[in-house]
Participant: 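Take this structure first; my questions come after.
Naming convention: chains lettered A, B, ... in sequence-line order (proteins, then strands); numbering from 1 in each chain. Both backbone and side-chain heavy atoms feed into the values below; hydrogens, waters and symmetry mates do not.
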There are 2 protein chains.
Amino acid sequence: MLDRALTLDELLCFSLYSANHAMGRLYRPLLARFDLTYPQYLVLVALWQQDGRKVGDLGTVLQLESNTLTPLLKRMEAAGLIRRARNPQDERSVIVTLTDKGRALEGEAAEISNCILAAADADLAELAELRDRLHRLTERLREAG
Amino acid sequence: MLDRALTLDELLCFSLYSANHAMGRLYRPLLARFDLTYPQYLVLVALWQQDGRKVGDLGTVLQLESNTLTPLLKRMEAAGLIRRARNPQDERSVIVTLTDKGRALEGEAAEISNCILAAADADLAELAELRDRLHRLTERLREAG
DNA sequence: CTCCATTTTATCGAATGCGATTAAATCGTG
DNA sequence: CACGATTTAATCGCATTCGATAAAATGGAG
């Protein structure tokens, strides 16, 4: 329990907000060359890792619901990156599959992670530790929610 | 330089994105009781710390531009939290000032930080270190951008 | 003083992101 | 089989967020 109001810079939530902002600003121009937005890139990373997922499963890993994913996926489908098709085994669900174009982007965009790592200008071990601390924090925050 | 594609969970940017999301989800119900959104809360924190700032100065601390701040501040003005007035010394700038209602929220919302700290379920030193690591990362990312 | 560059905020369109609700398909129990 | 409960996406409205641009005020050079 603290006895005074926190300043903006003292708030953990603001440091997260700012770091996320800064990361987004770094990604934006790199992704723009592929006509990708940042959430669209995350969808691709998820599909490169495992293709043919249901909308709901993508939502689970990305922590997004269909109200966000459906229009996002429709834009990606319009851009020719993915296909959306009802699951024949269960017509309630929609399966998202990479197109050739979507798959091809994996190689072309591979350099992006390295650009980010270079920008972060820290050794891999340090960044990995920060990442793991963030995962643990996220876990605790979700449990509390 | 890595020789393989990273999974979603390995990406530092995604750990930031997820932690920020999780934090937002924790804040949302707490802020909803005051009819506040998260960015609106950040504006209030900034003004509680120093009232009477120009739109551009708020943008500097929050890393937001007028295209985001202007509509956000108009909604806050409509909600009776702040006042917006042209600076008589320089009519280009707009000074943002807390109303009595906006000032009063500081006391009422004081518990929110503590709810978040409780949810994070870690000691203050650990969270402070994570926060400082994030600040340093943000700094490096901004320099690279 | 005039005119152009600069500063500062505002506007517009597009893309998330979320709460609430709806619609369609499936499941389960009688 | 029938029918209500559940699951899964989709839709709607609102609030950010950003890139691009505009508009108004100020400043500075001549």
Participant: Does B:Arg140 have any salt bridge (Lys or Arg N to Asp or Glu O under 4.0 Å) partners at least two apart in sequence or in another chain, and if so, which?
Facilitator: A:Glu126
Participant: Using the salt bridge (Lys or Arg N to Asp or Glu O under 4.0 Å) rule, collect all pairs that involve residues 84-97 of chain B, keeping only residues at least two apart or in two chains.
Facilitator: B:Glu77-B:Arg84, B:Asp90-B:Arg92
Participant: Test of understanding: with side chain to side chain donor-acceptor pair (under 3.5 Å), list the residues that count as partners of A:Thr70, not counting sequence neighbours.
Facilitator: none
Participant: Answer yes or no: is there a donor N or O on one side and an acceptor on the other, between the side chain of A:Thr99 and the main chain of A:Gly80, under 3.5 Å?
Facilitator: yes
Participant: For the atom pair CG (A:Leu16) and OG (B:Ser15), what is the distance rounded to the nearest 0.5 Å?
Facilitator: 9.5 Å
Participant: Under 4.0 Å from any atom of DNA chain D, heavy atoms only: list the residues of residues 14-45 of chain A that qualify, in numerical order.
Facilitator: A:Tyr17, A:His21, A:Arg25, A:Arg28
Participant: The criterion is side chain to side chain donor-acceptor pair (under 3.5 Å); which residues satisfy it with A:Asn67, sequence neighbours excluded?
Facilitator: none
Participant: Given atom CG of A:Leu64 and atom C1' of C:dA15, what is their separation to the nearest angstrom?
Facilitator: 13 Å
Participant: Which whole-number value in Å describes the distance from B:Asn87 CG to C:dT7 C1'?
Facilitator: 13 Å
Participant: List the residues meeting salt bridge (Lys or Arg N to Asp or Glu O under 4.0 Å) with B:Asp100, not counting sequence neighbours, and say none if there are none.
Facilitator: B:Arg103
Participant: According to ring-ring contact (aromatic ring centres under 6.0 Å, His included), does anything in residues 39-75 of chain B pair up with another residue at least two apart or in another chain? List the pairs.
Facilitator: B:Tyr27-B:Tyr41
Participant: Atom pairs under 3.5 Å, N or O on each side, protein against nucleotides 1-4 of chain D: can you list them with distances?
Facilitator:
none

Participant: Check DNA chain D against residues 136-144 of chain B and give the residues with a non-hydrogen atom under 4.0 Å, in numerical order.
Facilitator: none
Participant: Over how many whole Å does the gap from B:Leu72 atom CG to C:dT11 atom C1' extend?
Facilitator: 16 Å
Participant: Could you go over nucleotides 6-12 of chain D and give all protein N or O partners under 3.5 Å, atom names and distances?
Facilitator:
| residue | atom | partner | partner atom | Å |
| --- | --- | --- | --- | --- |
| D:dT7 | O4' | A:Arg92 | NH1 | 3.4 |
| D:dA9 | OP1 | A:Val55 | N | 3.2 |
| D:dA9 | OP1 | A:Gly56 | N | 3.2 |
| D:dA9 | OP2 | A:Gly56 | N | 3.0 |
| D:dA10 | OP1 | A:Arg84 | NH2 | 2.7 |
| D:dA10 | OP2 | A:Thr70 | OG1 | 2.7 |
| D:dA10 | N7 | A:Ser66 | OG | 2.6 |
| D:dT11 | OP2 | A:Lys74 | NZ | 2.6 |

Participant: On DNA chain C, does the nearest nucleotide to A:Pro88 precede the nearest nucleotide to A:Gln63 from the 5' side, or the other way round? Give the residue.
Facilitator: A:Gln63
Participant: Evaluate A:Leu73 against A:Val43 for side-chain contact (heavy atoms from CB on, under 4.5 Å), listing each step before the verdict.
Facilitator: CA-CA 9 Å; A:Leu73 293 172; A:Val43 168; 3.9 Å; yes
Participant: Please table the atom pairs, donor to acceptor, closer than 3.5 Å between any side-chain atom in residues 127-138 of chain B and protein atoms at least two apart or in another chain.
Facilitator:
| residue | atom | partner | partner atom | Å |
| --- | --- | --- | --- | --- |
| B:Glu129 | OE2 | A:Arg133 | NH2 | 3.4 |
| B:Glu129 | OE2 | B:Arg133 | NE | 3.1 |
| B:Glu129 | OE2 | B:Arg133 | NH2 | 2.9 |
| B:Arg131 | NH1 | A:Glu10 | O | 3.0 |
| B:Arg133 | NH2 | A:Glu129 | OE2 | 3.4 |
| B:His135 | NE2 | A:Asp9 | O | 3.0 |
| B:Thr138 | OG1 | A:Ala19 | N | 3.4 |
| B:Thr138 | OG1 | B:Leu134 | O | 2.8 |

Participant: Got a list of side-chain donor-acceptor pairs under 3.5 Å for residues 54-65 of chain B, not counting sequence neighbours?
Facilitator:
| residue | atom | partner | partner atom | Å |
| --- | --- | --- | --- | --- |
| B:Thr60 | OG1 | B:Gly56 | O | 3.1 |
| B:Gln63 | NE2 | B:Thr60 | O | 3.3 |

Participant: Quickly work out the B:Glu65 CD to C:dA10 P distance and round it to whole Å.
Facilitator: 13 Å
Participant: Might you point out which heavy atoms bring A:Val45 and B:Thr7 nearest each other, and give the distance in Å?
Facilitator: CG1-C, 4.2 Å
Participant: Tell me whether B:Asp51 contacts the main-chain N or O of B:Leu98 through its side chain, where contact means a donor paired with an acceptor under 3.5 Å.
Facilitator: yes
